[in-house]
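Structure first, commentary second.
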Amino acid sequence: MTPFNLTQFYADWATILPECFLLLWACVITGAAVLGRTDESKSGTFAIWTIIGTLATAVWVAVTQDGAAFGGTFVFDRLAVVFKEVILAGVILTAAASVGTVSRLRAHRGEYYGMILFSAVGMMLMVSATELLTLYIALELSTVTLFVLAAYHKTNRKSAEAGLKYVILGGISSAILLYGVAILYGLTGTTELARISQGIQRQFMASGSFPPGLALALLLILAGFGFKLALAPFHMWAPDVYEGAPTPITAFLSVASKAAALAAFLRVFFVGGQPAQLIWIQAIAALAALAMIVGNATAIVQTNIKRMLAYSSVAQIGYMLVGAVALDPWGATSISYYAMAYLFANMGAFVCVIAFAERTGSEEISDFSGLSRRSPILAGFFALFLLSLAGVPPTAGFLAKYYVFAAAIQKGYLWLVLVGVATSVVALYYYATVIMKMYFPAEQTEGGFPVARTLTIVLAVSALGVLLLGILPGPVVDWIKAAAQSFVPPT
Amino acid sequence: MADQFIFWVAAIVAIIAAIRVVILKNAVLSVLHLIVTLIALAVLFLQLSAEFIAALQIIVYAGAIMVLFLFIVMLLNLRKDEFGRDQLPWLRLLGTLAGAAFLAELISLIGGGRVMAATVPDGFGSVRSIGIALFGEYMFPFELTSLLLVAAVLAAVVVARRKSSNEVDAAPPAGSEGEA
């Protein structure tokens, strides 16, 4: 044991300052709400300012601190910076998009934002964890409040069902992940990813084969992440939970929580599992193909827009993982870029659903018919986000798909790219169906409606993100690439 | 010799009780069998010179958590006919197959002779060594668990607070919306 060192102690805590700051205000907001000491309508504004403050502290830490804390179990490296910003952007947009939903709650308004912030703390810790125990606990922290958020309309049957399903499946998937972690610890005697990688390599050198049980451990961990990412065939919970949860929470689940899980996935498999790539890379390729096929094929037949977007996000995760078969910095870059493009497009699409449902009370795809007349702005935004999800230029979605496919082709995974391209065509079909309905309705529907101001801002920011990433990707790609190169070990 | 004997008794008791946990229809009996399994496992932990884990196993799992289980099972007070019929019989088959595959994998792992017995250092499994690991190497995740507990308690408070009289959410016009 190293002796206590005060300078190191301060440096450690300075590195996790953003999380501490966020946690403090999460406690204040939740506490004030639970004790009934606040004007609950202010909580949302507080939450947004908290996130902005967290962003500011994160920038300060990135500039001033050297990045590793607590003996290397927690790092603030460039990958962490990239994903923390994605997550915080997701949280801000979620909080802003929640204003209408929360104002219609009669009780527990303040706690709603508190729960979101707690979840955000967990996600931020998760993308920085380089040690499996920390990672696991951070993952639990990020999901435990999401269970409650999914069931926030607890008097609504669907919402309650969503919460319950999420709790049970979330619990089982955590157990599976933990089992894999335990086996991995048993094999290598450590929970630190870098040392796990060394341990696997050493045993491979010594005996010419991988340690027994390594495949089991990695596949269990992969299954655990599969649940969190809603990757087929572990996606069964997603449509029900996405449909039942309050729509801003659905957006949060599908964007921020997936980004965090994706970052953790990158660390575990690109760093820890890197020497054992022979074992898992085929499995990832198969799962990615399955997710693209199942997600897109099932999305076609959906009549509820939230369920359609749920299945489409299953497919989107499949596309992201196509980049994972190229186990190099470029692969990691393509995945991170995809995650960013997906953040804005998917968040925007769900906010369109919120705006639409707030005025019409419907989430059926057929009711979107004629939206271009009723609310041209909303229809325009929705069309843009759907086109980005489909991967049509000049949106970010196009470049994102291009990058992951290019990364996979480099490594000779032509069949996977062909599956991806074929399923993209299918995806374009159902996204375009919605757009066609909005712009070329079979019969005219009456009644124009405005979009709430905060929602318009969220939509505009998301649209800006989608277009900027699509038209001027250079700086962002360079930034992500530097991050990827700093953490993916050279092959 | 005595060591071997104790091992086999504890192992067989653990396995039989674990199987009964799954197949028994009566939930209370299932919980009681789970306690038996956990105590038998505690004996195995003792044999692996993990005294502290063995004590925790009995105090926390067989004691505290199982009491909670029993309370909940009894509070729910399910009658047999409330279980309903098995709606997805093929899932049971699938589960059995998956379990068998997992067992085969474990047997091949251990039987393959590639897993070596490890020699443990002095004081392994003692309270002292666990404490040093917990507050040394794993200090950060250990601190995080307290945060996790706080979040879980707050989440539970939010979800379980009694419905206040005005908590009927203002429903939007149509009923089909998930946000109603």
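Between A:Y152 and B:V158, some side-chain heavy-atom pair lies under the 4.5 Å cut-off.
The environment of CZ in B:F102 is crowded: more than 12 heavy-atom neighbours from other residues, nucleotides or ligands sit within 6.0 Å.
Of all the listed residues (A:D12, A:T30, A:T250, A:L216), the one sharing the greatest number of non-hydrogen pairs under 4.5 Å with chain B is A:L216. Of the listed residues A:T191, A:L149, A:V121, the one with more heavy-atom pairs under 4.5 angstrom with chain B than any other is A:T191.
Remark: B:R20 pairs with B:H33 by the side-chain hydrogen bond (donor to acceptor under 3.5 Å, both in side chains) rule, at least two apart or across chains.
Residues of residues 131-141 of chain A placed with any heavy atom under 4.5 Å of a heavy atom in chain B are listed by number as A:E131, A:L133, A:T134, A:I137, A:E140, A:L141. Using a 4.5 Å heavy-atom cut-off against chain A, no residue of residues 37-44 of chain B qualifies as contacting.
Summarising the geometry, atom OG belonging to A:S142 is positioned 9.5 Å from atom CG belonging to B:L148; distances are rounded to the nearest 0.5 Å.
Heavy atoms of A:L187 lying under 4.5 Å from chain B are absent altogether. Looking at A:S103, neither its backbone nor its side chain comes within 4.5 Å of chain B, counting heavy atoms on both sides. Of the two parts of A:I16, only the side chain, counted from C-beta on, holds a non-hydrogen atom closer than 4.5 Å to a non-hydrogen atom of chain B.
Within the structure, ring pair (Phe, Tyr, Trp, His ring centres under 6.0 Å) pairs that include any residue of residues 137-156 of chain B comprise A:F70-B:F140, A:F74-B:F140, B:F135-B:F142 (at least two apart or interchain).
Scanning both residues, B:E137 and A:T73, for their nearest heavy atoms gives O-CG2, 4.4 Å.
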